[in-house]
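All values derive from a computational prediction rather than experimental measurement.
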Amino acid sequence: MGITHKWNGTVLTITSDSGTSSCDLQGEKGDTGIRGPQGVAGIDGRVTFEELTEEQKASLKGATGATGPKGEDGKTPVKGVDYYTALEKAEFEALITDEMVKRAQIKPEFANSIKECTDTSKFYVLPDGYIYAYLYKEASGPTYTNLAGAVMENTRQNSSGVAKALDGAITTDFIPVKQGDTVRLKGFNPKGSVNGNYPYIAFFTAASESAVVATDKIARGDGCWNLNGDVYEYTPFKLQSNAEHSLASSITHIRVNGAMTGSAADVIVTVNEEIVENTAGGYAWSNTGHAFATMNYESRIIELEETVVNHEDRLDNLETNIENLLPKKWEGKKWVVVGDSLTQALNSDGTNANTDKYYHTHIAEETGITVVNMGQGGTGYKKTDDAGYAFYQRIVNVPTDADVITILGSLNDLSRTAGYTIGEITDTGTETICGCINTTLDTLFSLCPTVNLGIITPVPNDYYNYPNMATDERTLRVIEYCEKLTEICHRRSIPVLDMFHGSGMRPWDVNFKNALMPDGTHANEEGHKILATKIKAFLESLL
């Protein structure tokens, strides 16, 4: 048979005619050997070049860059690129070929203005919080709208606003403007006369020569324009005297002429726009649009700002809730208001007569005071006594538990159709207005001897108003009425609020009247707010 053998790992098996035997040739495990030296560690991407070991630095291939600026912490500056990562050098350099990415490795410096930005290889942070860099800007075109229109050479306007032939003169098209605009002009001299012909600014109510304004239709251009550099500026609708045109609110267009300094193509006219010519392209310090915040601080700042705003809203709501929980200053007090249509009680259907909110409504909402409304339109201290509605007749119904009472009015007493006599301050009875005033007060004090009482004189209207005092018999009569009402109160030590002279209502002013006293007599809700401020201050002195 012979001899054969085979291996199984370290075990050798031999077979012969005499039999088979095996032997494991691996010896017993020996003792642990001595630890060899530590190998070179890999590069941590978050470690600066300066923090690497000399062996790690030696493992990075490639030429050494120029020495960078010294760091703020005083350590030896890193040569070349500020930070290395675990990328191969070729991959790393590929990431920084763009100039902006290279500069992104540099910490921005702080500057107070662009004038202090001197190193074009750096970023700067300005006081507005944004990062500025020296960047290339494309050229931009004009940034204005030219309204000169069809400019006419060798043409002037005459004193009627009509275009006429004249060598050396130039006239613009119709320029749309409104009161308060600023007109700018470049390309001819709007102050220059031509052959003794004055330059004019003509005013129109439409883009047509036939729409020239009839009164003060022109202004001498040489007295109206201001020169700012090479641009003339004018504010419509000034005349040469610097006074505003009497019909300024109705003017919609102007037309300008003057002395030619070039051609029609050179003329530029703008309204409320600066005349900015082409801006050349090139490098300039520019806002990058990025706020100076590292890592994710910018988003965190935004979150904090939103949190602050939310807290502010919550505080506002909390303050409002606290105000709503606290009692208002005059809550629990009762105020009786007696008067005419400026105090008017509700109509029979529950609606207000002249406005949704009267002066006493505004005051009640603010202070919490309870109002008992005894106002009735068309009445006065004497007016309507034939029907039983005069103040002296209604005063008997006043609640005796009132904390304060005011009586406002009334110009109704001066009605020409009624023909009442004002009388004297010592009058008694009810034959004269003064007698009715005294009767009202006597009756009230017999019912409420200790009540806080305030008398409020009438408010002017467009029939009785203070500016007409010197010439208007009606106004002279209301002045006498107010003076005698006031003197009666002074003799009785009753506080008086003079609302004829101090209400703030000006019905003779058309704009004021249209806004706050549409019918010239009765204030609307906004008008009653003005009355409320005066009367609330008066109540402060009574309560």
Is any side-chain N of the basic residue among E487 and R491 closer than 4.0 Å to the acidic one's carboxylate O?
-> no

Which pair of non-hydrogen atoms, one from F174 and one from H253, has the smallest distance, and what is that distance?
-> CB-CD2, 4.0 Å

So, Y359 versus T343: side-chain donor-acceptor pair below 3.5 Å or not?
-> yes

Does a side-chain N-to-carboxylate-O contact under 4.0 Å join E431 and K382?
-> no

Among side-chain atoms of R394 and T379, is any donor-acceptor pair under 3.5 angstrom?
-> yes

Hey, are the side chains of Y420 and D385 touching, using non-hydrogen atoms and a 4.5 Å cut-off?
-> yes

May I ask you to say whether K357 pairs ionically with E365, meaning some side-chain N is under 4.0 Å from a carboxylate O?
-> yes

When the aromatic ring centroids of H245 and F203 are compared, is their separation below 6.0 Å?
-> yes

Ionic contact status for K328 with E366, cut-off 4.0 Å = no

Please check if any side-chain donor atom of S410 sits under 3.5 Å from a side-chain acceptor atom of N412, or the reverse.
-> yes

Side chains of N228 and E233, donor plus acceptor under 3.5 Å = yes

What's the spacing between I422 CD1 and L414 CG if we round to 0.5 Å?
-> 5.5 Å

Say whether Y481 and D413, considering side chains only, have a donor N or O and an acceptor N or O under 3.5 Å apart.
-> yes

Please list, chain by chain and in numerical order, all residues satisfying side chain to side chain contact (heavy atoms under 4.5 Å, CB included) with S493, sequence neighbours excluded.
-> none

Verify whether one side chain among D427 and T432 offers a donor that lies under 3.5 Å from an acceptor in the other.
-> yes

What orientation do W285 and Y124 show, parallel under 30°, tilted 30 to 60°, or perpendicular over 60°?
-> perpendicular

Report, as yes or no, whether the 6.0 Å neighbourhood of atom OH on Y144 holds more than 12 heavy atoms from other residues, nucleotides or ligands.
-> yes

For W335 and T406, does a side-chain donor sit closer than 3.5 Å to a side-chain acceptor?
-> yes

Determine whether the side chains of N373 and Y358 contain a donor N or O and an acceptor N or O closer than 3.5 Å.
-> no

Are the aromatic rings of W225 and Y234 close, with centres under 6.0 Å apart?
-> yes

Rounded distance [0.5 Å steps], OG in S250 versus CD in Q179 = 9.5 Å

Sequence neighbours left out, cut at 3.5 Å: what donor-acceptor pairs do the side chains of residues 534-543 make with other protein atoms?
from: E540; atom 1: OE1; to: K329; atom 2: NZ; distance (Å): 3.4
from: E540; atom 1: OE2; to: K329; atom 2: NZ; distance (Å): 2.4
from: S541; atom 1: OG; to: F538; atom 2: O; distance (Å): 2.6

Just checking, is any N or O donor in the side chain of H522 or S341 under 3.5 Å from an acceptor N or O on the other one?
-> yes

Ion pair present between K529 and E526, side-chain N to carboxylate O less than 4.0 angstrom?
-> yes

